[in-house]
Amino acid sequence: MFAFFFTCVCLGANGYCNRAIKRSNCFHASRGKNPCHMNSNPYMIGFGIAEIIFSQIPDFDQLWWLSIVAAVMSFTYSTIGLGLGIAKVAENGKIRGSLTGISVGTVTQTQKIWRSFQALGNMAFAYSYSLILIEIQDTLKAPPSESKTMSKATLLSVGVTTLFYMLCGCMGYAAFGDLSPGNLLTGFGFYNPFWLLDIANAAIVIHLVGAYQVYCQPLFAFIEKSAAKRFPDSEFITKDIKIPIPGFRPYNLNLFRLVWRTIFVMLTTLISMLLPFFNDIVGLLGAIGFWPLTVYFPVEMYISQNKIAKWSTRWLCLQILSIACLIITIAAAAGSIAGVILDLKSYKPFSTAY
C-alpha cells in the first residue's frame, strides 16, 4: 500500500516539476507580466505513459542503470538548489528567518503548530526507504557479505542525504525567511537564472522515473510470484512470449505482467491527478510509513536476531527510540491530516492548475 501511494507522489511531483519548467520559460518570455497559469495533468499523463513502458522491465536487478541515472540526477538538482540558496543569501546580504521558524502573524499559532508537525512527516517520508533495502541487498555480490556491504552503503547514503537535506533546507530558509516556498525549485522562490531552474526540474523528473520503478518493482515481483504460485497452469500468467530484438537478447513478454502493471500505473496516474495537495499527502505518507516500516519492525528484528535481554540497558534504549519515533509519527500524521482537511475546503477533482 505504501509503495502504491509513493508512486502516486512520484507522479504528482513529476507534474509539478514539468509545470515549473513551463512556467519558468513563460515568466522569462513575458518578463513577469503573464501569470502563466499551467495545468499539471497533461504532464502526469505523459509520465504515466513513460512508466507503463519502463514497468515492463521484468526484474529489479535489471534497473541498475536507471538507478545510477536517478542518483546522478538527485545530486544535480540538490546541488543546484543549494547553490541558488547560497547565492540568494549573498544577494540579500543577510540571513532571513529566525531560529523559531515562521513568525506568528504571517501564520496563526495553530497553523504554525500543524505545519511544524506536517514538516516532520515530510522529513519522515524522505527516510522511508526500508521497503526496498532487502531487494537491493539481494542484487549484491559476495564476498564481502551482502549485509556488510549494505550496512556501509546505508550509512553512507543516509549521511550524504541528511547533509544535503540540512544544507538545502537551512539555506533555503536563510534566503527567504517567512516567504520560503514549500519547494525551492517548483515554488518559484527563484525566477532566475531560468535555464538553471529548468535543468534542476528536469533532473527531478528523470530522478522520479527511477524512483517510481525502484519502489514498484518489489511489489510487481510479489504479485506476479503469488499469482504464478496460485495459478501454475494458467498460460496467461506463466507463459513468456519471446520477442526478437535486433542486436539484443529476445524480450520475454508476459501477458499478465503487461496487463496488471499497465493497470497499476494507470490507477496511480489517476489518483495523483485527484490529489493535488502535494506537501500534505507527502507528510501523511511519511507519517504512516515511517514508524512501522523504518523503526518498529527493524528494531524488533534486531532485538530478536541479537537475542537482547528484556529490560537490559540496550533493550530499554531501543524501546525509548521506538516510542519517541511513534510520538513523532502521530504528531506528523495529525499535522498532515489537518492540512488535507484545510485543502479539501477548496478542492476540485482533477484541478491541478496553478
Between [atom1] on residue [X] and [atom2] on residue [Y], distance to nearest 0.5 Å:
X    : Y    : atom1 : atom2 : result
I263 : T268 : CD1   : OG1   : 12.0 Å
E224 : F256 : CD    : CZ    : 6.0 Å
L163 : L82  : CG    : CG    : 8.5 Å
F47  : L208 : CZ    : CG    : 5.5 Å
C216 : I57  : SG    : CD1   : 11.5 Å
I303 : K310 : CD1   : NZ    : 10.0 Å

Test I206 against V69 for side-chain contact (heavy atoms from CB on, under 4.5 Å), laying out the working first.
CA-CA 8 Å; I206 297 170; V69 171; 3.6 Å; yes

Please say yes or no: joined through hydrophobic side-chain contacts below 4.5 Å, possibly via intermediate residues, are [X] and [Y] part of one cluster?
X    : Y    : result
L321 : W291 : no
I86  : Y173 : no
I68  : V160 : no
I204 : L167 : no
M73  : F75  : no

Check whether any side-chain heavy atom of [X] lies under 4.5 Å from a side-chain heavy atom of [Y], and answer yes or no.
X    : Y    : result
E300 : Q319 : yes
I80  : I199 : yes
L197 : L84  : yes
M171 : K88  : no
T262 : Q56  : yes
K239 : L255 : no

Can you give me the closest heavy-atom contact between [X] and [Y], atom names plus distance?
X    : Y    : answer
F54  : Q213 : O-OE1, 3.5 Å
R314 : I308 : CD-CD1, 3.3 Å
S74  : H207 : CB-ND1, 3.2 Å
P232 : T238 : O-CG2, 3.8 Å
S322 : V295 : CA-CG1, 3.8 Å
W260 : L219 : CZ2-O, 4.3 Å

Listed partners of T162 passing side-chain hydrogen bond (donor to acceptor under 3.5 Å, both in side chains), at least two apart:
Y127

Would you say the rings of F220 and F264 are close, in the sense that their centroids are separated by under 6.0 Å?
yes

Step-by-step side-chain contact (heavy atoms from CB on, under 4.5 Å) determination, L318 to Y302:
CA-CA 10 Å; L318 289 170; Y302 178 80; 3.8 Å; yes

Under 3.5 Å, is there a donor-acceptor pair between the K242 and N252 side chains?
yes

Any side-chain donor near an acceptor of the partner, S78 and Y165, under 3.5 Å:
no

Between the main-chain N or O of S55 and the side-chain N or O of R261, is there a donor-acceptor pair closer than 3.5 Å?
yes

Got a donor-acceptor contact below 3.5 angstrom from the N92 side chain to the A175 backbone?
yes

Can you tell me if [X] has over 12 outside heavy atoms packed within less than 6.0 Å of its [atom1]?
X    : atom1 : answer
I95  : CD1   : no
F236 : CZ    : yes
Y296 : OH    : no
E235 : CD    : no

Set of ring pair (Phe, Tyr, Trp, His ring centres under 6.0 Å) partners for F231, sequence neighbours left out:
none

Report all side-chain donor-acceptor pairs from residues 327-334 shorter than 3.5 Å, counting only partners two or more places apart or in another chain.
residue, atom, partner, partner atom, Å
T329, OG1, C325, O, 3.0

